[in-house]
Amino acid sequence: MSKVRIYTLAKELGVDNHKMLEILDGLGVSYKSVSSTIEEDTVELIKQIVEEEGAAVTGGGSEPDQAARTEPEQAPVEVQAAVQSGTVLSGTLEPAPGQLPVEGRATEAQPRPSEVAVQEVSAAAAQEIPHRAPVVTIMGHVDHGKTSLLDYIRKTKVAAKEAGGITQHVGAFEAKTSKGRIVFIDTPGHEAFTTIRARGANVADIAIIVIAADDSLMPQTREAIAHAQAAKVPMIIAINKIDLAQADPEKVKTDLTQLNLVPEEYGGDLIVVPVSARSGEGVEDLLEYISLTAELEDLRADPKGQFSGVVIEGKVDKQAGVLATVMVQEGTLHVGDFLVVGENYGKIKAMTDSGGARIKEAGPSTPVQILGFSDVPTSGDKVQSAKNEHAAREVIAQRASDRRDEEDARQRRKAQRSLEDIL
Ligand code: GDP
Ligand code: MG
């Protein structure tokens with residue numbers, strides 16, 4: 001019996017992944033992720049549903065949305081039985097929209113995460129907030145191929161800028177793929193991730209854990225996994241160096257299961273992609289899995305909202321002065337905007353994108369290099385905008401005063417403790 005992956009079927013039927021999971025939920029079919037496989041019988045049922053719903057399923061309107069959602073208590077059991085016996089109870093599968101209990105949603109017990117996402121999507125407010133590109137970080141043990149993988153993606157997926165544009169290292173780059181934009185944090189290693197996290201910010205939406213197929217799990221691999229788990233960032237495992245004769249990807253998968261990370265082909269929900277940063281094999285698949293994961297995460301940001309961002313990197317350039325790479329997370333940055341970082345502020349004199357091209361504005365999930373700060377900001381610092389210079393000064397004055405109050409309080413506590421010690 002042939003099995004089909006959920007996302008493959010979704011693609012084949014021209015239905016988006018959310019919708020596909022919704023249909024599966026309606027059928028009471030369990031799955032771990034979009035890369036889980038489903039039985040042939042179920043595939044047939046889904047094809048039938050999609051066919052019968054026609055435009056309704058692909059249309060994504062709110063009424064068809066409900067039609068696709070079968071009655072939660074009874075339908076799954078019956079359909080499950082139908083799936084097992086091989087018979088098709090089409091009557092159960094296509095209730096007339098009018099027959100659906102209106103309060104069906106409200107009476108549902110704990111919705112699955114995918115359902116929550118679907119519900120959020122269908123909320124009118126969320127629909128107005130556009131999707132944004134995923135921001136990806138690459139972590140793993142030294143020499144397992146992080147830099148090589150980033151280089152390969154950059155070489156093949158970043159359109160070369162015209163001569164004259166100075167390509168500087170900015171700490172991030174944007175790859176254009178058939179599935180849309182993917183932003184890579186280009187300072188591999190845990191430091192970038194942990195320093196940013198230690199300052200209370202989270203830049204990465206997805207973590208790629210690179211594991212060399214000839215070396216398997218190493219101490220820094222485990223650390224990287226722990227970091228991603230602590231940050232609750234979805235992980236994708238890239239088993240690298242599969243071009244090597246001594247490559248043993250199966251061992252990597254088995255070793256992962258010992259950490260309770262079960263690859264989906266072993267029945268778990270961990271996405272594992274074999275790649276070679278040398279030959280490029282599997283890299284396209286990796287990008288596709290990144291896009292799939294991003295789609296499920298339903299990443300959105302409002303370009304018209306209040307600006308907020310995070311410093312990826314700050315440095316002093318001998319000619320230009322202080323340069324800061326900032327990831328735009330919400331809102332849009334414009335040349336001339338006033339920004340506040342920690343207890344410093346600056347006015348954007350010039351902005352370049354990660355390819356070195358001058359830009360005037362930058363929306364969500366865009367890494368930009370900014371000229372205009374007087375002090376070098378630290379990676380992980382949050383960046384906010386201010387209406388004007390006066391407002392910017394006020395914000396930092398307040399921050400400085402808060403910090404002094406906090407320091408005073410700490411001194412007092414320390415003095416109190418030493419007094420207690422003496423007594
Ligand atoms: P990093 O420390 O994780 O950034 O690892 P690097 O990207 O610097 O790679 C370490 C070494 O492994 C270098 O000599 C690379 O050429 C080599 N390497 C990286 N990826 C591959 C690969 O897919 N296949 C092979 N054969 N070698 C690789
Ligand atoms: Mg490296």
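We count residues from 1, following the sequence as given. In listed order, ligands and their atoms are each counted from 1.
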Numbered atoms of ligand 1 (with element) below 4.0 Å of [X], judged on heavy atoms:
| X | result |
| --- | --- |
| Ser148 | 6 (P), 7 (O), 9 (O), 15 (C), 19 (C), 20 (N) |
| His141 | 3 (O) |
| Ala277 | 20 (N), 22 (C), 23 (O) |
| Leu244 | 26 (N) |

_the Mg ion (ligand 2) to nearest N/O/S of Thr147 less than 2.8 Å_ =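 Coordinating: yes.
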*Give the contacting part of Asn240 toward ligand 1: side chain, backbone, both or neither, where contact means a heavy-atom distance below 4.0 Å.*
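The part of Asn240 near ligand 1 is the side chain, not the backbone.
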_One residue to check: His144. Relative to ligand 1, which of side chain, backbone, both or neither has a non-hydrogen atom less than 4.0 Å away?_
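The answer is the backbone of His144.
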Less than 4.5 Å apart, any side-chain heavy atom of [X] and any of [Y]?
| X | Y | result |
| --- | --- | --- |
| Thr37 | Ile6 | no |
| Glu281 | Ile242 | yes |
| Ile348 | His334 | no |

_Residue selection (non-hydrogen contact nearest atom 5 (O) of ligand 1) among Ser276, Gly140, Gly145_ =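 When every heavy atom of Ser276, Gly140, Gly145 is considered, Gly145 comes closest to atom 5 (O) of ligand 1.
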*Which residue from Asp143, Val283, Leu150 reaches closest to atom 10 (C) of ligand 1 through any of its heavy atoms?*
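Result: the heavy atom closest to atom 10 (C) of ligand 1 is in Asp143.
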*Between atom NZ of Lys253 and atom CD1 of Ile211, what is the distance when rounded to the nearest 0.5 Å?*
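Separation between the atoms: 11.5 Å.
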*Please work out whether the ring planes of Tyr345 and Phe338 are parallel, tilted or perpendicular, with thresholds of 30° and 60°.*
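Because their plane-to-plane angle lies in the 30° to 60° range, the rings of Tyr345 and Phe338 count as tilted.
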*Would you please say whether a donor-acceptor pair under 3.5 Å links the side chains of His390 and Glu394?*
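Result is yes, a qualifying pair exists.
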*Between Asp243 and Ser279, do the side chains contain an N or O donor and an N or O acceptor separated by less than 3.5 Å?*
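No.
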